Protein chains: 2
Amino acid sequence: MRIAMIGLGKMGANMASRLCRGGIEVVGYNRSPEIVERLANEEGLLPAADLSSLLDMLDPPRIVWMMLPSGEVTEDMLLRLGDMLSAGDIIIDGGNANYHDSQRRAVQMKDEGIGYIDAGTSGGIWGLENGYCMMVGGAEEHVSQIEPVLKVLAPSADTGWAHVGPVGAGHFTKMIHNGIEYGMMQAMAEGFSLLEGKKEFDLDLAEIAEIWRHGSVVRSWLLDLTAEFLSEDQNLESISGYVADSGEGRWTVAESIDQGVPAPVLALALHMRFASQQENGYGNRMLAMMRNAFGGHTVKTQDEQS
Amino acid sequence: MRIAMIGLGKMGANMASRLCRGGIEVVGYNRSPEIVERLANEEGLLPAADLSSLLDMLDPPRIVWMMLPSGEVTEDMLLRLGDMLSAGDIIIDGGNANYHDSQRRAVQMKDEGIGYIDAGTSGGIWGLENGYCMMVGGAEEHVSQIEPVLKVLAPSADTGWAHVGPVGAGHFTKMIHNGIEYGMMQAMAEGFSLLEGKKEFDLDLAEIAEIWRHGSVVRSWLLDLTAEFLSEDQNLESISGYVADSGEGRWTVAESIDQGVPAPVLALALHMRFASQQENGYGNRMLAMMRNAFGGHTVKTQDEQS
């Protein structure tokens, strides 16, 4: 079996490697060619210099797996692929697209006879070794054609992947997965922050994370990773507390509003990231001024703060 | 090595069994004697009919592990044990005591020369098979004496337990563990609630939980348990949404207030449990009446609601 992989960033490169090692032929294309060359040398990836040569190296029905940043980059690529692919071909979006976009794109591709699969993919940089968890949306006739690929990418042929529903259901499920991830991360970070704040006990946070990995109720892969970085440095003094968010947390909270179904902890975990992204945010300056206004409480200037 | 175990409820009985199977002699006492008899027959526990015969069956220094409900039951038992034990003996509280209580109790026992260890214990009903995670607080001279016991109770001799600090540090660490657990559980419950709410995709929640167990970022023991109960019934229609809380979540939030360290998601997870415990709560009735007062919005009576 041979497929094309477009986008060989952190996720795509590792997925291409896992496929090559698992006996799937992968034709690879990436905007900057260095990684293509490296994977060709190290993993036996078949390098393509541009999109048209990439597609020329596939026999119909051509199967093209995209691992690109969601949004404009994905949208642009789909416009180009839509022009170049033919009826019967299949596109898989393995990125973190908004599921509404995936539903719309599938309809557009269907007009050309092109199959569309949204494969929400989790596993981060550890997927190469451990395999990926894939939540796949699409028509049965399309998903069945890529099963051999899914079975190699997954932790094992029968675990970690499923055809969860029609197009859109894959990215929807991945979106909720990431929403849960935000909440679990925030809960863990708050707990460790309280351990760290308890100076009188002089707790060894790395040791606590390590013992929690065995037999405790909070044992989890996030805790495994946490124990690992804490074992190297538990003060984190050189780390900035700016926590990025990348869309899926926001969409999860928007979904809860659309459904009218409460998800307050997921929403709060997202808002705590927003708060972390503000330096001396306007809301807090407002609060300081209000305290001053009604109670005459002292207001710190920015100079005094720092 | 021989120790006494007082309190053979769900946790204590399984811990006594694991100790017996691991070659530790356990003298057991429980208020209601049926479980003592069962463990004597099935696990070789040495049964004691009352406290004084329990203590008579130990050689000094006597080591007594308590697995009792925190609060009054533990306090009463300690008053009795304090009178009956002698200098050099050691009491371990493996329950979920408030760490302030453990610190106070250790001081009281120290006056009698009795050692006090607070061993926060996690693992639930699965600990018998998997071993327990134990966060141990106390003086080195006392903790070193119970190491053989900890090594049998833990998942393995070298994993899942540590002497984390002075008396109080064990229950403190267990308290934070449970606070994190509240947040992780709430995050997961909210995510699955949004999956369930997406009727158009007709998602198989048991299948999604199962695939997330492999390769995803949210894989965790809580997810393992979730996948298991969802595989039997994913509608949960017969289940009441009343979610109990048992103290440690409240103490974690109180701790964040004492420290002045933010833990908003842990606090919210706790408050969501409070909300689940209210049927037609006063706050919501107030809100309905306020909407009515300023906007003339219709108010449902309790009869219409149900």
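Just so you know, these numbers come straight off a predicted model, no measurement behind them. Numbers restart at 1 for each chain; the letters A, B, ... are given by sequence-line order, proteins then strands.
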Quiz item: Below 6.0 angstrom between ring centroids: does that apply to B:W212 and B:F192?
Solution: yes

Practice problem: With a 4.5 Å cut-off on heavy-atom pairs, point out which of B:G124, B:G165, B:G123, B:S216 contacts chain A the most. | Solution: B:S216

Practice problem: Let me know if A:K198 has heavy atoms under 4.5 Å from chain B in its side chain, its backbone, both or neither. | Solution: both

Quiz item: Are B:M135 and B:S122 close enough that some pair of their side-chain heavy atoms sits under 4.5 Å apart?
Solution: yes

Quiz prompt | B:E279 atom CD: more than 12 heavy-atom contacts under 6.0 Å | solution = no

Quiz prompt | When A:S220, A:G183, A:S256 are compared by non-hydrogen pairs under 4.5 Å with chain B, the top option | solution = A:S220

Exercise. Starting from the C-alpha separation in whole Å, work towards a yes-or-no answer on side-chain contact (heavy atoms from CB on, under 4.5 Å) for A:L266 and A:Y182.
Key: CA-CA 7 Å; A:L266 305 190; A:Y182 276 48; 5.7 Å; no

Quiz item: Any side-chain heavy atom of A:H171 within less than 4.5 Å of one from A:N98?
Solution: no

Exercise. Side chain from CB out, backbone as N, CA, C, O: work out which of these in A:R219 comes under 4.5 Å of a heavy atom of chain B, or both, or neither.
Key: both

Quiz item: Relative to chain B, which segment of A:L194 carries a heavy atom at a distance below 4.5 Å: side chain, backbone, both, or neither?
Solution: both

Exercise. Go through A:V261, A:D258, A:V218, A:T173 and name the one with the most non-hydrogen pairs under 4.5 angstrom from chain B.
Key: A:V218

Quiz prompt | Derivation of the side-chain contact (heavy atoms from CB on, under 4.5 Å) call for B:F172 and B:V164 | solution = CA-CA 10 Å; B:F172 178 86; B:V164 296; over 6 Å; no

Practice problem: Would you mind checking which part of A:M134 comes under 4.5 Å of any heavy atom in chain B, side chain (CB onward), backbone (N, CA, C, O), both or neither? | Solution: backbone

Quiz prompt | Engaged part of A:T252 at the chain B interface, taking heavy atoms whose separation is under 4.5 Å | solution = both

Self-check item: Side chain / backbone / both / neither for B:Q103 at chain A, heavy atoms under 4.5 Å
Solution: side chain

Exercise. Could you look at A:E181 and say if it's the side chain, the backbone, both or neither that has a heavy atom under 4.5 Å from chain B?
Key: both

Practice problem: Identify which of B:G127, B:P264, B:A269 forms the greatest number of heavy-atom pairs closer than 4.5 Å to chain A. | Solution: B:P264

Practice problem: For each of B:S156, B:G168, B:A189, tally heavy-atom pairs with chain A at distances under 4.5 Å, and name the one with the top tally. | Solution: B:G168

Quiz item: Given the options A:A162, A:P262, A:G260, which has more heavy-atom pairs under 4.5 Å with chain B than any of the others?
Solution: A:A162

Quiz prompt | Atom of B:A187, atom of A:M184 and distance for their closest heavy-atom approach | solution = CB-N, 3.9 Å

Quiz item: If you count heavy-atom pairs under 4.5 Å between each of B:I208, B:D202, B:I176, B:T121 and chain A, which one has the most?
Solution: B:I176

Quiz item: Hey, mind stepping through B:Q277 and B:D245 against side-chain hydrogen bond (donor to acceptor under 3.5 Å, both in side chains) and telling me if it holds?
Solution: CA-CA 9 Å; B:Q277 294 164 12; B:D245 77 287; 3.1 Å; yes

Exercise. Kindly determine whether B:E255 and B:Y99 satisfy side-chain hydrogen bond (donor to acceptor under 3.5 Å, both in side chains), including the steps that lead there.
Key: CA-CA 11 Å; B:E255 177 69 27; B:Y99 77 95; 2.7 Å; yes

Quiz item: Heavy-atom distance under 4.5 Å to chain B: side chain of A:W161, backbone, both or neither?
Solution: backbone

Quiz item: For B:V253, is it the side chain, the backbone, both or neither that has a heavy atom under 4.5 Å from a heavy atom of chain A?
Solution: neither

Quiz item: With chain B, which of A:L195, A:L222, A:N130, A:L223 has the greatest number of heavy-atom pairs at distances under 4.5 Å?
Solution: A:L195

Exercise. Check whether any side-chain heavy atom of A:V217 lies under 4.5 Å from a side-chain heavy atom of B:W221, and answer yes or no.
Key: yes

Self-check item: B:M11 side chain reached by B:Y132 side chain, heavy atoms, under 4.5 Å
Solution: yes

Quiz item: Does B:R291 CZ have over 12 foreign heavy atoms under 6.0 Å away?
Solution: no

Quiz item: Heavy-atom distance under 4.5 Å to chain A: side chain of B:K174, backbone, both or neither?
Solution: neither

Quiz item: For the candidates B:M188, B:E190, B:H214, which exhibits the highest count of non-hydrogen atom pairs separated by less than 4.5 Å from chain A?
Solution: B:E190

